[in-house]
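Below is one structure, written out as structure tokens; comments come after it.
Basis for what follows: all heavy atoms, side chains included, without hydrogens, waters or symmetry-related copies. The first residue of the sequence shown is numbered 1, and numbering continues consecutively from there.
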Amino acid sequence: MVSRVLLVDDDASVREALGQSLELADFDTLTAGSFVEAKDRIRPDFDGVIVSDIRMPGRDGFHLLDYAHQQDPELPVILLTGEGDIPMAVRAMSQGAFDFLEKPCSPADFTAVVRRALKTRGLVLENRRLKAQLETGDPAARLIFGISPAAERLRARVRMAARAGTEALVTGAPGTGISKVAEVIHLASPRAKAPFQKRAASGLDRAELQALWQSCSGGSLFLDGIGGLSQDTQLALIDLMEQGDTVLIGGSTQDLSVAAEKGEMSSDLYYRLEVCQVRIPSLSERPEDIPVLFRHYVAQAAEQAGLAPPEITEDLISSLMAQDWPGNARSLMSTAMRFVLGLGDVAAPEGSLGLAERMAQVERSLLIEALRKNEGQARLAAEALKLPRKTFYDKLAKYGVKPETYRA
């Protein structure tokens with residue numbers, strides 16, 4: 001979430017008072033006493049908004065507004081004055097100021113305007129990021145959403161699998177989007193313009209497999225639930241892989257190493273696939289991706305339904321992030337569709353959890369986030385949360401969270 005505010009005012013006492021209001025509202029505050037001091041921070045990629053006094057020695061707030069919009073026409077600038085000058089307010093708004101406030105203003109009014117400007121800035125920067133991804137020609141960046149380190153590692157793994165050009169195995173919990181990731185591997189590979197087929201492995205016989213393999217000549221064949229292939233079809237698949245021409249991508253929600261140990265899956269087939277494995281992290285492992293994914297699914301659902309996307313509030317996002325999402329992306333997508341269609345309370349977790357349960361979910365998410373940011377180092381995570389080490393470990397045990405899961 002965008003939360004940075006550049007506060008520019010030549011009056012040190014005013015700057016301190018306004019800065020304190022911003023910090024109490026949990027904004028990341030930068031201060032400057034003049035345009036010259038602030039200038040170097042005003043860039044097209046500035047991930048925040050500007051609040052500036054109008055009347056300052058030298059370059060005034062109007063000059064700062066002009067300069068900011070030369071750098072980025074969509075950078076919100078809120079102007080302040082103590083003059084109560086209506087014509088000045090009209091001029092500020094006509095020149096593109098986001099809003100105009102008269103000093104002194106109440107902290108509640110001030111922070112409300114800043115919060116609205118930050119929300120606008122966040123949407124602008126997110127839209128730019130998505131547009132840049134679309135223009136890069138990188139299927140992994142375009143089609144695999146998320147801002148977390150786990151999402152970036154997934155994209156890197158997909159690119160690696162695509163470059164390798166060998167058989168690959170895509171794994172993940174139910175609902176994580178195994179077939180989609182398999183298709184992205186194909187699209188990111190040199191075979192992108194060749195055929196790509198998806199089929200469920202269960203019930204597939206030799207003849208059907210042979211026909212599918214030939215139809216994907218030069219391209220990729222994705223077999224979902226590949227552990228469900230019969231023993232006879234597995235042998236046929238190994239023969240076809242020896243011939244080459246088509247690249248196999250297998251998908252599974254189960255641990256195939258166990259199936260191979262039990263003899264339920266050909267060890268030859270398993271080890272061929274296991275060489276290049278792509279694991280999709282569940283949403284519970286990357287809660288910071290939930291807002292990005294939800295907004296994407298809402299926009300997608302609204303376009304499909306021919307409806308205007310409803311407003312996504314911070315309270316809604318907080319509620320979504322507090323949930324575990326055992327159904328993963330598929331469940332989040334369904335929730336986004338219901339939200340667009342106005343069907344039910346999407347903010348409430350399944351079973352209408354009470355306050356204690358919701359607080360527990362939020363606490364668990366915070367523990368996981370601290371471990372992820374500190375690469376599974378429990379001592380550092382406890383320090384980040386300002387918790388005694390014993391209390392931290394007690395909470396990990398309470399929620400079944402294991403630090404080693406989040407080590408790089």
Side-chain angles (χ1 to χ4, degrees), residues 1-35 37-38 41-43 45-56 60-62 64-65 67-69 71-86 88-93 95-127 288 291-292 295 310-322 347 358-359 362 365-366 369 386:
M1 177 182 172
V2 175
S3 63
R4 185 165 297 182
V5 182
L6 173 58
L7 174 63
V8 188
D9 198 306
D10 63 301
D11 188 322
S13 60
V14 172
R15 198 164 64 240
E16 182 179 354
L18 292 177
Q20 187 176 50
S21 295
L22 292 170
E23 288 172 1
L24 288 172
D26 291 328
F27 298 131
D28 179 8
T29 308
L30 308 170
T31 60
S34 66
F35 165 76
E37 189 179 343
R41 298 184 182 274
I42 304 173
R43 302 182 302 272
D45 60 349
F46 180 64
D47 59 343
V49 301
I50 301 172
V51 177
S52 174
D53 189 21
I54 289 182
R55 295 188 180 276
M56 296 186 293
D60 63 11
F62 286 114
L64 184 148
L65 174 65
Y67 180 81
H69 284 175
Q71 301 302 308
D72 184 345
E74 295 180 292
L75 179 54
V77 178
I78 301 165
L79 292 178
L80 305 171
T81 183
E83 301 298 321
D85 190 337
I86 299 302
M88 185 177 287
V90 172
R91 177 186 168 193
M93 301 304 287
Q95 290 184 208
F98 182 83
D99 211 333
F100 178 94
L101 290 172
E102 183 179 355
K103 296 187 294 185
C105 57
S106 72
D109 290 341
F110 176 51
T111 55
V113 171
V114 171
R115 187 169 283 107
R116 187 159 50 85
L118 285 166
K119 181 178 180 181
T120 299
R121 184 59 171 169
L123 291 172
V124 166
L125 294 177
E126 176 65 10
N127 287 336
E288 63 268 51
V292 176
R295 290 189 175 99
E311 181 185 4
I312 301 172
T313 65
E314 291 302 321
D315 286 344
L316 173 59
I317 290 297
S318 297
S319 177
L320 295 173
M321 291 181 70
R358 293 193 187 200
M359 292 299 292
V362 171
S365 295
L366 291 173
E369 178 62 14
K386 296 181 172 60

Would you give the length of the straight line joining atom [atom1] of [X] to atom [atom2] of [Y], rounded to the nearest 0.5 angstrom?
X	Y	atom1	atom2	result
F98	L79	CZ	CG	12.0 Å
L30	L22	CG	CG	10.5 Å
L101	D53	CG	CG	11.5 Å

Which pair of heavy atoms, one from [X] and one from [Y], lies closest together, and at what distance?
X	Y	value
S52	L64	OG-CD1, 3.8 Å
K119	I312	NZ-O, 4.0 Å
P291	M321	CG-SD, 3.7 Å
A117	P76	O-CG, 3.8 Å
Q95	H69	O-ND1, 3.9 Å
V8	A38	CG2-CB, 3.7 Å

TODO: Sequence neighbours left out, what passes side-chain hydrogen bond (donor to acceptor under 3.5 Å, both in side chains) with R116? Give chain and number order.
DONE: D99
TODO: Only one of L75, V5, V113, L6 passes side-chain contact (heavy atoms from CB on, under 4.5 Å) with V49; say which it is.
DONE: V5
Residues which pass side-chain contact (heavy atoms from CB on, under 4.5 Å) with [X], listed by chain and number, not counting sequence neighbours:
X	result
E23	T29
D28	S3, R4
A25	F27, T111, R115
V124	E74, R121, R128

Task: Contacts of type ring pair (Phe, Tyr, Trp, His ring centres under 6.0 Å), residue F46, not counting sequence neighbours - done: none
Who pairs with [X] by salt bridge (charged side-chain N to carboxylate O under 4.0 Å, His left out), at least two apart in sequence or on another chain?
X	answer
E369	R372, K373
D45	R43
E16	none
D60	none

Open item on the list: Between K103 and D9, does any NZ, NE, NH1 or NH2 come within less than 4.0 Å of an OD or OE carboxylate oxygen?
Closed with: yes
Open item on the list: I'd like to know whether CD of Q20 has more than 12 heavy-atom contacts from other residues, nucleotides or ligands below 6.0 angstrom.
Closed with: no
